[in-house]
Structures are given as structure tokens and as C-alpha cells.
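Only this structure's heavy atoms are used, side chains among them; waters, hydrogens and symmetry mates stay out. Position 1 is the first residue of the sequence; numbering continues from there. For ligands, and for the atoms within them, numbers begin at 1 and follow the listed sequence.
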Amino acid sequence: EKGGWPSFMDKEIHEDPAAVADTLLGRFDEKGDIVLDEVRIEPDAFRSVDKIIVVACGTASYAGLVAKYAIEHWVRIPVEVELAHEFRYRDPILTPRTLVVAISQSGETMDTLMALRHAREQGSRVLAICNTQGATIPRESDAVLYTHAGPEIAVASTKAFVAQVTAAYLLGLYLAQVKGTMFRDEIHQVLDNLKAMPDKIQWVLDTQRESIERAAKRMLNAHSFLFLGRHVGYPVAMEGALKLKEIAYTFTEGFAAGELKHGPIALVDEGEPVVVIVPSARGRDTLHNKVISGIEEVKARGAYTIAVAEEGDPDAERYADIVFWRPACPTLLSPLVDVVPLQLFAMDMANLKGYDVDKPRNLAKSVTVE
Ligand code: F6R
């Protein structure tokens, strides 16, 4: 069933483009308006939503963090992201106007299930973003927006992540549409940009393999890795760090690049690998310069730097030791491409170390205990 691929993880990373494309499929009409009739929440109920709380664990929670940046920008309502296992123990503020979004690939994660039960008991609506038809989480939710990534077999989540992020964008655009917080043309524009993402992911898969494998070989004996990113690059950094620790058993820490000087820079020593998600250099972005100066700071302390950057970014070329390139795209959508080289990097590291990338030690595909 691996269809000729050496591992399920390899196969599933190569299904990232299809996971995004299939999740978009049928979610808009010929005019370019978002159609989410299938979720079965009345547009009026959506209109009244004044806060979103995403509950999820692990990779799904990082998809939620990406959603926060996009939905707050598009819909102008607060979005909180909470690890599901922390959620119900802290007396969260839930009202009938709160929409709780439970993100789960398996749909069976007990922590997430308990969080959504709590939210419903408190009178909030729950919408599940789930990859598994008929699983417990979608069954117990008020509504469901399925991701169409197809079955994910490898324990480490890859194509499900890009599908979750895509579904979250759709939810954000739909809310913007019913609440009128974006012009229709703007929504159509974002949708067009989203439709272009599968080809951009494919470009990464087609052109970056060699440099990623080279970097993995070069870094094989590293004891730890730091991953840093800013804005939507922050959840990508967290996800890249999680992938590497899960399957290559390397100590990693992902954090927001701005935190560097508030502590983590103390860890940087000669040869320490630091992976940096660099935002686009185009447009208003002072973000880009700040992240680049983060690279300079760690380099000045001897770090070995790997950048994920937009094709042709002269600063990334100049300051980073290795660059994984990705095509240009709008900043809010960039996690869909930025995460891909990090998925491949983690897989290459694990393969080179001789580990079973599909079945990492101590981990199960779905965590059905609290
Ligand atoms: C990471 C990973 C886990 C899951 C988490 C949530 O590669 O697989 O962090 O993302 O256990 O699982 P789901 O999405 O099934 O609720």
C-alpha cells in the first residue's frame, strides 16, 4: 500500500499537494464564494460568533495557531488556541457566541474529545476539523468540516497538517463572508492564492530534495536543534521542531524568533544548528528584517543556520549556511509551503539514523487515553 514509496511518511509528504487541493475541492462555487453548507451551522449562527477557541493537541494545535493569525486578520474576532488537555481544567470563558473549533486528524484524541464535551456542556457550539469520517470527535460535534487528506498511516502527521491549515483558512474565509468583514473580491483573491498552493508545494518537493538531504547528512550528529519563526512562521517552527524530535529522537526546541534575546540565545554555541523560517522580503514586511537579524545574531555566536526562505531572497542567501527555498506566496498562506522542507528534513534525519520513520518509539497514531 506504500505504492512504491520507501515509507508511508515519504508517500504522505508527497501527498501534501493533493491534501490541500482535495480539501479545497467543492468548498466554493463558480463565482468564487465559499460554500460550506455541509457543516450544517446556519449562517445566522456563524454571524453571531464573537470568539473562537481552537482546542487541539500536538501538530493539530500548530494548525490552530496558524488559523489564529489568518482568522483574526480576516474576521476581526479573537481566536484563542488552547491545548485540549489544559482547556477544561482552567474554567475557560464559554458563551453561546463562542465557537469552539476542535482540530483532530484521527478524530479519536481523548484530550480533544473531553475538551469539546466540556465546551458543549457550557453551551458553546463545537465545529470539528477532522480527517476521519464518522470518528468520535465529529460525531459529538455540532458541525464538521472534513479535511480530505486521505488516510494517514505514518505516526508523524504531515499531509493532515497542511489539510488542517487549509480547512482553517476556508473556515476563516467563510466567516469573513457571512460577517462581511472582507470584500468579496478580497475573498476571491485569497481563494485564488490558496488554489495555487498545491503547485507551490509540488515545486518544493521537486526541487529541494537534494539540499535537504545534504543538510540532514551534515547535521546527523547534532545533539539538539533550535527552530525559530515569527508571525505564521512561529507555528511552523514549532511543527518543524516536533517532527524532528518525534522521529529522529533529537532534542529540539521551537520558539518565536523574538524570544531569542529573552533566553534561548544562551543555548547557542559553536556549531549549534538553528533552523529559521524567514518571512517574505516583499511588501511591508519589517518582519523579514527582524528575522534576518535573528540569523545574524545566532551566526555571530557560531550557530550553523538553515533557513526556509522565499525563492531569491538575497538576505537568506547571504546569511544562512543552507537555504531550503520555497516559491513566493502571501505571508498568511506561507505555512503550507514552509512546513514541507521541515517534514522532509525530519524524515531524512530519521532515515539516515536508521530509525523506522513510520513507527517512532513510544508513540501511537491516535492517543485515546487522557
Ligand atoms: C505529530 C502528531 C501528534 C498529533 C496529536 C493530535 O506528528 O502526530 O502530535 O498531531 O496527537 O492527534 P489528532 O490530530 O489525531 O487529534
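Less than 4.0 angstrom separates some heavy atom of Glu246 from each of these atoms of ligand 1: 1 (C), 2 (C), 7 (O), 8 (O). Of all atoms in ligand 1, numbered sequentially from 1 with element shown, those under 4.0 Å from a heavy atom of Ser104 are 13 (P), 14 (O), 15 (O), 16 (O). Using a 4.0 Å cut-off to heavy atoms of Lys243, the atoms of ligand 1 that qualify are 1 (C), 7 (O). Ligand 1 places these atoms under 4.0 Å from at least one heavy atom of Ala60: 10 (O), 14 (O). The distance from ligand 1 to the heavy atoms of Gln105 drops below 4.0 Å at these ligand atoms: 13 (P), 14 (O), 15 (O), 16 (O). Close contacts of ligand 1 with Gly58, meaning ligand atoms under 4.0 Å from a residue heavy atom, involve 9 (O). Close contacts between ligand 1 and Val155 involve ligand atoms 8 (O) [criterion: under 4.0 Å to a heavy atom].
Looking at Ser157 next to ligand 1, an N or O pair under 3.5 Å apart turns up. Considering both main-chain and side-chain atoms, Ala156 never comes within under 3.5 Å of ligand 1 through any nitrogen or oxygen pair. Inclusion of Thr112 in the set of residues having an N or O under 3.5 Å from an N or O of ligand 1 is not warranted.
Side chains of Ser157 and Lys243: a donor-acceptor N/O pair is absent below 3.5 angstrom, by distance only. With 3.5 Å as the limit, one finds a donor-acceptor pair spanning the side chains of Thr136 and Glu108.
The closest donor-acceptor contact from the side chain of Glu86 to the backbone of Leu83 lies at 3.5 Å or more, if one exists at all.
Remark: Met197 CE to Thr23 OG1 distance equals 13.5 Å, nearest 0.5 Å. To the nearest 0.5 angstrom, Leu99 atom CG is 11.0 Å from Leu94 atom CG. Distance check, rounded to the nearest 0.5 Å: CG of Asp10 to NZ of Lys2 gives 10.5 Å. Note: Ile295 CD1 to Thr305 OG1 = 6.0 Å, rounded to the nearest 0.5 Å. Rounded to the nearest 0.5 angstrom, Leu194 CG and Arg27 CZ are separated by 12.5 Å.
Here the heavy atom of the protein found nearest to atom 11 (O) of ligand 1 is Val367 CG2, 4.3 Å.
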Point to revise | Stepwise side chain to side chain donor-acceptor pair (under 3.5 Å) check, His188 with Asp33 | key: CA-CA 7 Å; His188 297 173; Asp33 292 342; 2.9 Å; yes
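Compare Thr109, Ile129, Leu242 by their heavy atoms: the one nearest to atom 16 (O) of ligand 1 is in Thr109. The option from Ala63, Cys57, Ala364, Ser106 that lies nearest to atom 5 (C) of ligand 1, judged by heavy atoms, is Cys57.
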